[in-house]
Amino acid sequence: MEPAPILDCSIAGGGIAGLSLAIRLSEMGFRTLVAERNQYPFHKVCGEYVSMESHAFLEGIGFPFGELLLPRVSRFLLTDPAGRQLKAALPLGGFGISRYRFDQELARIAREKGAILKEKCKVTDLSFDGGSFLLKSDHGSWPSRTCCSCLGKKSLVDIRWNRKPYRVTGWIAVKYHILGPFPADTVSLHLFPGGYCGLSPIEDGRFCLCYLTSQEALNACGNDIGILEEKRLGSNPHLREIFHSFQKVWAKPVTISGISFSRRNLIDNHVLMMGDAAAMITPLCGNGMSMAMHTAALGSILVRDFLEGRTTREQMEKAYRKGWLRNFRGRLRSGRALQAILDRPRLAASAIKLLDRFPGLAFRVIRGTHGKTF
């Protein structure tokens, strides 16, 4: 049996970054494979709000906005643990969509463009030798000329490579889909002791409620999510009202633990890292979903230039690192600075009072956590 022809690009992980990259490279005529451990569609922990900075990109790849009738978001609400509010307009605005629907649509487009999607396929290692890569999985191995990792927040490859700086922390995240009497044009962020909770509209009249807190906080509540939500989240009067007025779509939430916000290498073993594999952003950095698509848009151009012989591998890697830092380093800093302030109740209260008094300053702060259209 003859060996399979070498791929132009193998992509580990079929989330937003991986699928967006596969779509762009397939449009350019490159033989591209995506290995995804789950089967589409599936639910994922995510805030499920997409900034309009990525709207042109999505229109360009044929995303069916007209068919989906997604809610448009133009307003932002922030509350501190005591209930103080900050209301502001979002500089670009955005739309809401569940990861269940979003990833399903991107996977469909990727297949239509000619990408090879391997579902229920767990990546076990990525190796580089003699100028080519080998993506290894529990369902086979595939050689390729370039390789990108879009494996998300944490993966077996991270552990196998001992990626630095990779540090498992005590952060956990919980997500529900809910029904309730909430404004469909507003994304909100509510602080509570030890964490924050976001609420955003998605398709079909539903809302995504997703919160981040520490394992320590959960332990203090006897590892009972219900008690955590009542005692910790419910201490914020706005969250208490939300939890008393919503109806859960699912009996149990989707959860993830061991989340890290530490800085990570953008390239390891000549593999380009994209999406959360490159950097797990704080919820205050603007929009991770748009950032994932932006990294794919940036990476696809550089991979194309390498595959067509216009650049060397070293030049491609240097350009990717430089482009990534130019586009995302500033908003990551802004998000981390805001998180450091909002994690402290007194500072959070003072900041909300100041920003509420000076709307122009609030607009600038919010704008600093969002990117430009691409």
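Keep in mind that what you see is a predicted model, and the values were worked out from it rather than measured. Heavy-atom basis, side chains included; hydrogens, waters and symmetry copies ignored.
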Q: List the atom of Leu209, the atom of Phe246, and the distance in Å for their closest heavy-atom pair.
A: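 Looks like CD1-CE2, 4.0 Å.
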Q) Only one of His190, Glu229, Lys175, Arg232 clears side chain to side chain donor-acceptor pair (under 3.5 Å) with Tyr211; which? A)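 Passing option: Glu229.
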Take a 6.0 Å sphere around [atom1] of [X] and say whether it holds more than 12 heavy atoms from other residues, nucleotides or ligands.
X	atom1	answer
Glu314	CD	no
Arg37	CZ	no
Asp129	CG	no
Glu308	CD	yes
Glu112	CD	yes
Lys318	NZ	no
Glu241	CD	no
Arg72	CZ	no

So, [X] side chain and [Y] main chain: donor-acceptor pair closer than 3.5 Å or not?
X	Y	result
Thr146	Asp8	yes
Arg111	Leu117	no
Asn269	Val271	no
Asn265	Asp268	no
Thr213	Gly194	yes

For the residue pair [X] and [Y], is the inter-centroid distance of their aromatic rings smaller than 6.0 Å?
X	Y	answer
Phe95	Phe65	yes
Phe42	Tyr40	yes
Phe63	Phe57	no

Q: Go through the side-chain N and O atoms of Ser10 and Ser144 and say whether any donor and acceptor fall under 3.5 Å apart.
A: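 There is such a pair (donor and acceptor under 3.5 Å, judged by atom type) between the side chains of Ser10 and Ser144.
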Q.
Does the plane of the ring in Phe182 sit parallel, tilted or perpendicular to the ring in Phe207? Use 30° and 60° as the thresholds.
A.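 Perpendicular.
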Q.
Does Ser54 form a side-chain contact (heavy atoms from CB on, under 4.5 Å) with His294? I'd like the steps, not just the answer.
A. CA-CA 7 Å; Ser54 58; His294 199 164; over 6 Å; no
Q) Rest of the hydrophobic cluster containing Ile202 (Ile/Leu/Val/Met/Phe/Trp/Tyr, side-chain heavy atoms under 4.5 Å)? A)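 Taking Ile, Leu, Val, Met, Phe, Trp and Tyr as members, Ile202 stands alone, with no cluster partners.
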